[in-house]
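Right, one structure below, let's go through it.
All values below were derived from every heavy atom in this structure, side-chain atoms included, with hydrogens, water molecules and symmetry-related copies excluded. Since the model is a prediction, treat every value here as computed from it, not as a measurement.
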Amino acid sequence: HLGDKRDYSWYRYAGGDSNYEEEWGGLEGLREEIKKTEMIGPRVLLYGATQYGAWKFSQVFQNHPDWAVMDKKGNIVHEYWWDMPTERRRTVDMCGEVEGWKDYCAETNHRIIKDTGASGVFVDVMNRIKFCYNPKHKHAEYPGIAAEKLLKKTIAAVRSADPEAVIQIEDMCSDYLM
């Protein structure tokens with residue numbers, strides 16, 4: 001139950017869920033704005049499903065808390081914090097080595113391109129996959145290798161929606177990914 005969290009669009013469409021804002025026209029309104037924008041020249045890239053995490057109140061985290069990164073003490077890792085009017089909110093880091101999370105990110109980015117007709121997705125902080133100590137996960141790889149696999153899965157999914165789609169990433173921070 002999200003209760004008053006839905007008062008903020010940050011929580012109504014929490015990071016990780018990638019839904020369309022109904023009060024701004026929903027999917028149809030977004031499609032129309034993308035068409036108008038691309039008619040005058042620029043390509044439109046939408047902020048896609050990123051590898052690093054999801055809002056604590058997102059449906060994806062609520063449905064899959066077992067995908068979260070854990071530290072050595074067994075605590076779920078919360079990397080980003082925001083101060084809202086009534087309390088501090090946070091995101092949960094999701095483990096980039098969990099196949100379900102990789103599939104979710106790739107499928108969500110595919111859906112964004114297919115649904116909206118956007119020219120591509122922007123995938124934030126691509127190399128922020130952390131070492132995870134969650135005993136429920138298989139952790140066989142160095143995080144940079146896991147990031148590469150997640151990126152390749154995302155590229156394949158996005159290109160299956162549109163072979164000309166652009167995938168822009170931020171923060172490679174790794175000679176390996178360069």
Rounded distance (nearest 0.5 Å) linking atom CZ of Phe131 with atom NZ of Lys72
9.5 Å

Charged N to carboxylate O under 4.0 angstrom, Lys35 versus Glu32?
no

Hey, does Trp67 have a side-chain heavy atom less than 4.5 Å from the side chain of Phe61?
no

Looking at Glu97 and His137, would you say the former's side chain and the latter's main chain have a donor-acceptor pair under 3.5 Å?
no

Does Val69 reach the side chain of Tyr133, with side-chain heavy atoms less than 4.5 Å apart?
no

Looking at every non-hydrogen atom in both residues, tell me the closest pair between Ala68 and Val92 and how far apart they are.
CB-CG1, 3.6 Å

Decide yes or no for Leu46 and Leu30: does some side-chain heavy atom of the first lie under 4.5 Å from some side-chain heavy atom of the second?
yes

How long is the straight-line distance from NZ of Lys149 back to NZ of Lys152, given to the nearest 0.5 Å?
9.0 Å

Between the side chains of Arg111 and Glu107, is the shortest nitrogen-to-carboxylate-oxygen separation below 4.0 Å, so that they form an ion pair?
no

By salt bridge (Lys or Arg N to Asp or Glu O under 4.0 Å), which residues pair with Asp103, not counting sequence neighbours?
Lys153

Please check this pair: side chain of Arg31 against backbone of Gly117, looking for a donor-acceptor N/O pair closer than 3.5 Å.
no

Taking C-beta and beyond as the side chain, do Gln168 and Val121 meet within less than 4.5 Å on heavy atoms?
no

Testing the basics here: between Gly74 and Met70, what is the closest heavy-atom pair and its distance to 0.1 Å?
O-SD, 3.7 Å

One should read off an interatomic distance between Ser160 OG and Ile155 CD1, to the nearest 0.5 angstrom, of 12.0 Å

For Cys95, is there any backbone N or O sitting under 3.5 Å from a side-chain donor or acceptor partner on His139?
no

Got a donor-acceptor contact below 3.5 angstrom from the Thr37 side chain to the Glu33 backbone?
yes

Taken to the nearest 0.5 Å, the spacing of Tyr104 OH from Leu150 CG works out to 13.0 Å

Which heavy-atom pair separates Met94 from His64 by the least distance, and what is that distance?
CE-O, 3.9 Å

Thr116 and Leu27: CA distance, side-chain angles, deciding distance, side-chain contact (heavy atoms from CB on, under 4.5 Å) verdict:
CA-CA 7 Å; Thr116 67; Leu27 177 56; 3.9 Å; yes

Step-by-step side-chain contact (heavy atoms from CB on, under 4.5 Å) determination, Leu151 to Ile169
CA-CA 9 Å; Leu151 180 58; Ile169 65 172; 3.7 Å; yes

If you measure from CD1 on Ile112 to CZ on Phe122, what distance do you get to the nearest 0.5 Å?
13.0 Å

For a quick test of reading the model, state the closest non-hydrogen atom pair linking Lys102 to Gly96 and the distance between them.
CE-O, 2.8 Å

Please report the interatomic distance CD1(Ile113) to OG(Ser119), rounded to the nearest 0.5 Å.
7.5 Å

Please name the pair of heavy atoms, one in Ala165 and one in Arg159, separated by the smallest distance, quoted to 0.1 Å.
O-NE, 2.9 Å

Kindly give the cluster partners of Val166, where membership spreads through any ILVMFWY side chain lying under 4.5 Å from a current member.
Leu45

Say whether, by atom type as modelled, one donor and one acceptor occur between the side chain of Asn75 and the main chain of Asp71 under 3.5 angstrom.
no

Determine the minimum heavy-atom distance between Asp162 and Ala118, stating which atoms define it.
OD2-O, 4.5 Å

Within the structure provided, determine whether Val123 and Ile167 are in side-chain contact (heavy-atom separation under 4.5 Å).
yes

